[in-house]
Every structure is written in structure tokens, then in C-alpha cells.
Amino acid sequence: MRIGELARRAGVSERSLRYYEEQGLLRSERTPGGHRAYGDWAVDRVIRIQALYAAGLGSKKIAMLLPCMRDIDGGPTEHTTAGLVDELIVERDRIDRMILDLVRSRDVLDEVIDAATVRV
């Protein structure tokens with residue numbers, strides 16, 4: 001599939017796809033006309049990249065992680081190492097802390113909303 005179709009199917013911009021290629025997160029073949037061409041696997045890969053970015057991982061960490069994940073289901077491959085698992089645990093713990101901070105912030109907002117609602 002061409003870059004426009006991949007962008008549409010994965011819900012990202014073509015610019016994002018070019019950036020992912022620059023960062024080594026995504027690869028394409030070239031058609032005889034010089035256009036990028038991707039296999040069906042690329043949709044899952046791009047969705048996974050988006051999820052990892054949303055989780056706060058940077059492109060270097062994602063580039064390290066992707067070779068250790070299958071494109072179809074995101075499960076581990078034979079390239080997964082104990083060191084990578086340790087780094088992922090650290091990332092998961094960071095995300096857990098962010099979630100707790102967000103819940104605390106939401107609770108404070110709920111208190112303010114409740115107090116303001118009583119007065120109105």
C-alpha cells in the first residue's frame with residue numbers, strides 16, 4: 001500500500017510516517033516510480049508506535065523496543081532481552097506514577113466543582 005493509504009488506515013499523517021522512517025521505526029520499499037510502499041503489517045506497526053508515543057516513550061526507546069515485538073499481536077520475539085524487560089518495567093512504573101498524579105488532580109478538581117456547584 002502507498003503512504004496515503006497507510007496514513008488513512010492507521011489514522012496518522014503522511015508526515016508522521018515519514019518521520020517514523022527517519023527515526024528507524026518504520027520501513028518501506030520503493031516502487032519503480034520511487035513511491036513508498038508498505039505491507040499490511042505496517043498498519044499494526046504504526047498503531048503500536050502511536051501507542052508507545054502516547055505512553056511517553058521517546059523514539060530512541062521505541063526503536064529499541066520494536067524489534068522485540070511482533071507486528072501482528074505485539075507479543076515478544078526472540079530478540080527480547082532481560083535488560084529490555086527491566087527498562088520496560090521502569091517505564092511502566094513511570095506511567096503508573098503519572099496515572100496516580102492525574103487521579104489526584106482529578107480529585108482536586110472534583111472537590112472544587114462540588115464546592116462551586118453548591119454555591120450556584
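Side chains are part of it too, since the values below use all heavy atoms of this structure and drop only hydrogens, waters and symmetry mates. What you see is a predicted model, and the numbers here were worked out from it, not measured in a lab.
Proximity of V90 to D86: side-chain heavy atoms (C-beta onward) are nowhere separated by under 4.5 Å. A 4.5 Å side-chain heavy-atom check between I49 and V12 finds every atom pair outside the cut-off. The side-chain heavy atoms of L6 and R36, taken from C-beta on, include no pair separated by under 4.5 Å. Contact annotation: the side chain of V46 never approaches that of Y38 to less than 4.5 Å [non-hydrogen atoms, C-beta and beyond].
Taken to the nearest 0.5 Å, the CZ atom of R9 stands 9.0 Å off from the CD1 atom of I47. Taking CZ of R2 as the start and CD of E14 as the end, the distance is 11.0 Å to the nearest 0.5 Å. Here the CD atom belonging to E87 is positioned 6.0 Å from the CG atom belonging to L84, to the nearest 0.5 angstrom. Here CG of L88 is found 7.5 Å from NZ of K61. Values are rounded to the nearest 0.5 Å. With values rounded to the nearest 0.5 angstrom, D110 atom CG is found 11.0 Å from S105 atom OG. Rounding to the nearest 0.5 angstrom, the gap separating the CD1 atom in I95 from the CG atom in L102 is 11.5 Å.
Ring geometry, Y53 versus Y20: the interplanar angle falls under 30°, so the pair is classed parallel (tilted spans 30 to 60°).
Taking both residues in full, the closest heavy atoms of S13 and A7 are given as C-CB, 4.0 Å, listed atom of the first, atom of the second, then distance. Closest approach of L26 and R45 over heavy atoms only: CD1-CG, 3.8 Å. Nearest heavy atom pair, residue G39 against residue M1, reads O-CE, 3.5 Å.
Atom CZ of R15 has 12 or fewer neighbouring heavy atoms from other residues, nucleotides or ligands inside a 6.0 Å radius.
Electrostatic pairing of E91 and R94 counts as a salt bridge here, judged by a charged N lying under 4.0 Å from a carboxylate O. Ion pair E22/R18 not flagged as a salt bridge, since none of the NZ, NE, NH1 or NH2 atoms sits closer than 4.0 Å to an Asp/Glu carboxylate oxygen. Checked for salt-bridge contact, R104 and D107 miss the test: no charged N lies under 4.0 Å from a carboxylate O.
For the pair R48 and W41, the NZ or CZ position fails the cation-pi test of under 6.0 Å to the six-membered ring centre and within 45 degrees of the ring normal.
Among the candidates L109, V103, V108, the single residue satisfying the side chain to side chain contact (heavy atoms under 4.5 Å, CB included) test with R106 is V103.
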